[in-house]
Amino acid sequence: MSSLEVAIIGYGLAGSVFHAPLIAAEPRMRVAVVVTGSAERAAQARREHPGVRVVADADELFGDTTGLDLVVVATPNRTHAPLARRALDAGLPVVVDKPFAVTVAEAEGLVAAAERAGLALSVFQNRRWDGDFLTVRELDTNGRLGDVRRFESRFERWRPVPKGGWREVGSADEGAGLLFDLGSHLVDQALTLFGPVRTVYCELDRRRAGIKTDDDAFLALTHESGVRSQLWMSAVAPQLGPRFRVLGSAAGYVTYGLDPQEEALRAGRRPDAGDRRWGAVEPERYGQLGADPDTVPYPTVAGDYPAFYSAMAAALLDGAPIPVDPRDAVATLRILEAARRSAEHGETVTAFD
């Protein structure tokens, strides 16, 4: 086998903007099947990926998986685990969009099923390849910050009027709300940088009318290493804080704004279009490194979302490691479940009660 035929279940924002373009950009992968019940999205898929087979639902997909090498689950959160299990039962490797599942029990069941079947299972934590995150990791690794003491991370937006999608009007049991949406990224990044967490404190609020779950959240993690991570996610922030503020014993690093890759993908740009500056940040947007008043711009590492599917192709074709270990996603879900307990009781909880 020299190339991989990929089926994408779901062709909304996740499937059409984040997964399909990156799969198409990987020379050893092809978008072979798209599952969508929307005639408009079906037409979009055929336009964007000539030769793709479009099927209406998962039953039709799993009724005939001939020739497929990988299934990508890019559907609403509550369906992630059931669809991933069906793919594994069909003998196919799986990539699951975040959050991996809506409960730890579901996630652990998937990991066990993949291990029994000897199949690759990974989670699409693309924010590990954000340029600003890669920059923080570089600064931590090369010791420019000294010993990191506090890590602040934010995904904030100003959306005072809800759009009405399932992420806003769905229930917590469905994995709706910002904690499981943006929080999945923020917690994963904190764990990747600073390791296991000892205690969790969380505040969850519903600030807008008609919202059934959280649209404004704060999460404080104490890592076993002693680092404290403070994570904000909000749809109701009229002024946005820094994306990262990292404070160490020797220096701090502060950067504003978002990695440009999401905006580029939403605008229809593709990483396979010969753009050598894919993921690059202009110098005027570099973060500041140092200690006041002596801070200097520090070049942002170029973001690299295509690396995820490049690594996934290498895992399936060459026996290389998968890009994101699903056990990491289980650890993230444990933190998110602890966060809900903390918010419910208004107190700090241990991460693995």
Side-chain angles (χ1 to χ4, degrees), residues 5-16 18-20 23 31-38 41-42 45 53-66 68-126 165-177 179-181 183-185 188 212-213 312 316 322 324-337 340:
E5 300 286 280
V6 183
I8 304 173
I9 307 179
Y11 208 67
L13 175 65
S16 67
F18 286 100
H19 291 277
I23 292 166
V31 179
V33 181
V34 165
V35 179
T36 178
S38 163
R41 291 175 180 174
R53 179 167 68 99
V54 179
V55 299
D57 55 39
D59 288 341
E60 187 174 353
L61 172 70
F62 291 119
D64 180 11
T65 60
T66 305
L68 290 180
D69 303 300
L70 175 67
V71 171
V72 174
V73 178
T75 51
N77 296 347
R78 61 182 171 78
T79 66
H80 285 184
L83 288 171
R85 178 60 69 93
R86 292 188 70 179
L88 293 170
D89 289 345
L92 290 168
V94 189
V95 168
V96 186
D97 202 80
K98 61 79 197 168
F100 184 30
V102 296
T103 68
V104 169
E106 280 187 332
E108 289 179 330
L110 288 178
V111 172
E115 289 178 345
R116 286 195 301 270
L119 293 168
L121 172 65
S122 192
V123 183
F124 189 63
Q125 285 289 2
N126 62 302
W166 65 265
R167 286 183 176 85
E168 295 181 317
V169 301
S171 69
D173 290 342
E174 297 174 297
L179 180 66
F180 268 59
D181 182 18
S184 294
H185 286 310
D188 177 74
K212 294 182 180 179
T213 188
M312 198 67 202
L316 296 177
I322 56 176
V324 177
D325 191 321
R327 295 175 187 82
D328 293 350
V330 174
T332 292
L333 281 166
R334 289 189 187 280
I335 301 301
L336 297 178
E337 286 193 353
R340 281 185 173 163

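For reference, positions follow the sequence shown, starting with 1. Remember, it's a predicted structure, so these values are computed and weren't measured experimentally.
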For Glu174, all residues meeting side-chain contact (heavy atoms from CB on, under 4.5 Å), sequence neighbours excluded: Arg78, Ser171

Side chains of residues 104-119: which donor-acceptor partners sit under 3.5 Å, not counting sequence neighbours?
{"residue": "Glu106", "atom": "OE1", "partner": "Val102", "partner atom": "N", "Å": "3.1"}
{"residue": "Glu108", "atom": "OE2", "partner": "Arg334", "partner atom": "NH2", "Å": "2.3"}
{"residue": "Glu115", "atom": "OE2", "partner": "Arg327", "partner atom": "NH2", "Å": "2.1"}

Spacing of CG belonging to Leu333 relative to CZ belonging to Phe100, to within rounding of 0.5 Å: 8.0 Å

Validation row: Leu61, Ile9 side chains within 4.5 angstrom (heavy atoms): yes

Nearest atoms (heavy-atom pairs only) where Ala101 meets Phe180: O-CE2, 4.1 Å

Nearest non-hydrogen partners of Gln125 and Ser184, listed with the distance: NE2-O, 3.5 Å

Interatomic distance, Ile8 atom CD1 to Thr75 atom OG1 [nearest 0.5 angstrom]: 12.0 Å

Validation row: Val55, Val35 side chains within 4.5 angstrom (heavy atoms): yes

Nearest non-hydrogen partners of Ala32 and Glu5, listed with the distance: CB-OE1, 3.5 Å

Donor-acceptor pair, side chain of Thr65 and main chain of Leu68, under 3.5 angstrom: no

Rounded distance (nearest 0.5 Å) linking atom CG of Leu83 with atom CG of Leu88: 11.0 Å

Worked check of side chain to side chain contact (heavy atoms under 4.5 Å, CB included) between Val324 and Phe124: CA-CA 7 Å; Val324 177; Phe124 189 63; over 6 Å; no

Sole candidate of Asp188, Asn77, Val123 that passes side-chain contact (heavy atoms from CB on, under 4.5 Å) when paired with Pro99: Asn77

Atom of Tyr11, atom of Ala20 and distance for their closest heavy-atom approach: CE1-CB, 3.9 Å

Sole residue of Val96, Val95, Leu92 in side-chain contact (heavy atoms from CB on, under 4.5 Å) with Val71: Leu92

Verdict with reasoning, Ile322 to Leu121, per side chain to side chain contact (heavy atoms under 4.5 Å, CB included): CA-CA 8 Å; Ile322 56 176; Leu121 172 65; 5.8 Å; no

Approximate separation, where rounding is to 0.5 Å, of Leu70 CG and Ile23 CD1: 7.0 Å

Inter-residue atom distance Thr36.OG1 - Asp57.CG, 0.5 Å rounding: 10.5 Å

Smallest separation among heavy atoms of Val73 and Ala84, with atom names: CG2-N, 4.0 Å

Side chain to side chain donor-acceptor pair (under 3.5 Å) partners of residues 85-101, not counting sequence neighbours, each pair once: His19-Asp97, Asp59-Arg86, Lys98-Asp181

